[in-house]
Every structure is written in structure tokens, then in C-alpha cells.
Amino acid sequence: MNVRILRAEGRPAAPWSNGGGVTREVAVHPPGAGWDTFAWRVSLADVTRDGPYSPLPGVRRILTVVDGAGLELTVDGTTRLLPDRCRPFAFPGGADTGSRLLDGPVVNLNVMLREGRADAVVEMVRGHRVVEPGPRPGGGQDTGSGVLVVAVEGSTRLVGRGAAGESAVQLARFDAALLTGPDAVPAEVRTDGVAAVIRLSGPGPGPGPGPGPVESAGPARSRFVDTP
């Protein structure tokens, strides 16, 4: 497997300016990119109190509550309850957005996509799922395409089969694995809880349609898959 392991242990926490929580970056493209230069960014946020979201014009967001009792989001005056964990919700980053905790702190998985530079489909998987990173578009140019797997509940095992035989990686809660490159082989996600499978693509046609209902307030796409 062509895979990069991103362990949760030791992941630095960046406090919010309003004191309402901290964010831990899981992965970003291009590597090392800051707020003004990323094409896509995936992070985990510990939210400890109600408050507004920083506006991010030109960025699409997909938010998934992965721990806690849920929250209420207000996006440009429209209120949306997110009482269930592991249900992705997409909305424009430039919208006037605020959140209210339903019953104590939560942890959110955040996918941020720069419009015109990145697209994504988020699938929350129970049981098992085969993922295929696919070749890079543009004749091998690195556009940030790939699959990011994040163990959000329980433990997850990533199993790949290539010419050299079978290889496996164990992910603890909030660990992640990034599959990229033209030679990346299909891998099977096996979890005893829930894993987020985030298919990321660069400019051009985005990821193909996947199964499951869409929870969306904006153009970014999110999906839920429950595999027995």
C-alpha cells in the first residue's frame, strides 16, 4: 500500500481565538499549507462552548460530529439540528454560521475545500468497505487526490493487497491513513466502530457518486454508508 500513517498521539492543538475550542490538523494539501494557501484541509476540533464560526469565503465545509451529544448549527439564518454522531453536513464556509452545543462538548471532523481547487465525498463506514484511491488526473500531476481514512469510533484496520502480498495497518481512535499516488492499490477498511472515508480530488471532475443519503446545505457533498 502507498499509505501515510497520521497518528493522533502528539498531534498539536491550536486554540481558537474566541476560546471556544481547539483544532488539531489531520492532513492538508499542499503539505504545510496555511489558511490562505490550502486546497483541502482535514482537522478534528474539540468544541467546548457555543459561538460563531470564523467566515471562510471561497471554502466549502463538511462537518461531522464524531463525539458528544451533538450541536445546533445556524447557517445564514437557517437552523439545523445535528443531534446524531457520524452524519456529515455540508455548508458554505463564507456563510454567517454559529453553533450551540446540545449537551456538553463535542468533537467535530472538519473537511475544508477551496472552491475550484478541491472536491470531496465523505462516507461514514461501519463494518467494512473497499476503497480505491484511483490514479492522479492531469498526467500524474500532484493535485492532492487520494483517500483519507480516519478512525472516529473504535479501532480500524486497513488491509491492502498488492503484488508483494497483503499488508495491514491498525488505526486507533482518531488515527488516520492517507492513500495517494498513481500506484496506490485498493484497500479494505475494516472497523469495529465507525471510520470516515474521505475521497479527495483536485480540479476537474470530482469523485463519482457513492451510496447513501446526502446531508447538505451547500455545494459540497457528503454521504453516509452503513455496511453490515
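FYI, side chains are in, hydrogens and waters are out, and symmetry mates aren't considered; it's all heavy atoms of this structure.
- With W40 contributing its side chain and L200 its backbone, the two residues share no donor-acceptor pair below 3.5 Å.
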Check against side-chain contact (heavy atoms from CB on, under 4.5 Å), W35 and R41: CA-CA 9 Å; W35 278 103; R41 183 176 187 263; 3.6 Å; yes
Worked verdict on V75 versus R80 for side-chain contact (heavy atoms from CB on, under 4.5 Å): CA-CA 8 Å; V75 181; R80 181 65 176 262; over 6 Å; no
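- The CG atom of L109 sits 8.5 Å away from the CZ atom of F174 when rounded to the nearest 0.5 Å.
- Considering all non-hydrogen atoms of both residues, V65 and G70 come closest at CG1-CA, 4.2 Å.
- When the side chains of ILVMFWY residues are joined at heavy-atom separations under 4.5 Å, either directly or via intervening members, V28 and L178 end up in two distinct hydrophobic clusters.
- The CG atom of D175 sits 8.5 Å away from atom CD of E9, with the distance rounded to the nearest 0.5 Å.
- No donor-acceptor contact under 3.5 angstrom links the side chains of S201 and D119, judged on distance only.
- Taking each heavy atom of I62 and P88 in turn, the nearest pair found is CG2-CB, 3.9 Å.
- To the nearest 0.5 Å, atoms CG (L82) and CG (L102) are separated by 8.0 Å.
- Taking the six-membered ring where tryptophan is involved, the planes of W16 and Y53 are perpendicular, since the angle between them exceeds 60° and thus also 30°.
- A donor-acceptor pair under 3.5 Å links the side-chain atoms of R117 to the main chain of T37, judged by distance alone.
- Shown here for A196 and M124, the closest heavy-atom pair between the two residues is CB-SD, 3.8 Å.
- E188 has its side chain out of reach of R129: every pair of non-hydrogen atoms, C-beta onward, lies at least 4.5 Å apart.
- Rounded to the nearest 0.5 Å, atoms CG (L44) and CG (N110) are 8.0 Å apart.
- Ion pairing of D192 with R157 is absent here, as no side-chain N (NZ or NE/NH1/NH2) approaches a carboxylate O to less than 4.0 Å.
- Note: D96 CG to T78 OG1 = 11.0 Å, rounded to the nearest 0.5 Å.
- Minimum interatomic distance between S145 and T180 (heavy atoms only, all atoms of both residues): O-CG2, 3.7 Å.
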Audit row: R173, D67, side-chain contact (heavy atoms from CB on, under 4.5 Å) steps and yes/no: CA-CA 11 Å; R173 194 180 191 197; D67 193 34; 3.6 Å; yes
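- Residues M112 and L6 do not share a hydrophobic cluster, defined by chaining ILVMFWY side chains whose heavy atoms lie under 4.5 Å apart.
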Worked verdict on V152 versus T64 for side-chain contact (heavy atoms from CB on, under 4.5 Å): CA-CA 10 Å; V152 297; T64 308; over 6 Å; no
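- Listed for the S155 side chain is no donor-acceptor partner under 3.5 Å among the backbone atoms of L171.
- V169 is connected to V125 through a chain of hydrophobic side-chain contacts under 4.5 Å among Ile, Leu, Val, Met, Phe, Trp and Tyr, so both are in one cluster.
- A side-chain contact (heavy atoms from CB on, under 4.5 Å) with V197 is found for exactly one of V122, L148, V131, namely V131.
- A donor-acceptor pair under 3.5 Å is absent between the side-chain atoms of D46 and the main chain of G21, judged by distance alone.
- Scanning all heavy atoms of the two residues, the minimum distance from A195 to V149 falls at CB-CG1, 4.4 Å.
- Checked against side chain to side chain donor-acceptor pair (under 3.5 Å), T191 has the following partners two or more places apart in sequence or in another chain: T156.
- Distance check: L81 CG to R100 CZ gives 7.0 Å after rounding to the nearest 0.5 Å.
- Closest heavy-atom contact between P30 and A39: CD-N, 3.9 Å.
- In terms of hydrophobic clustering, with Ile, Leu, Val, Met, Phe, Trp and Tyr side chains grouped at heavy-atom distances under 4.5 Å, V66 and V42 are assigned to a common cluster.
- Cluster membership for V59 and L113, using ILVMFWY side-chain heavy atoms within less than 4.5 angstrom, is not shared.
- Between E123 and I198 there is no side-chain heavy-atom pair separated by less than 4.5 Å.
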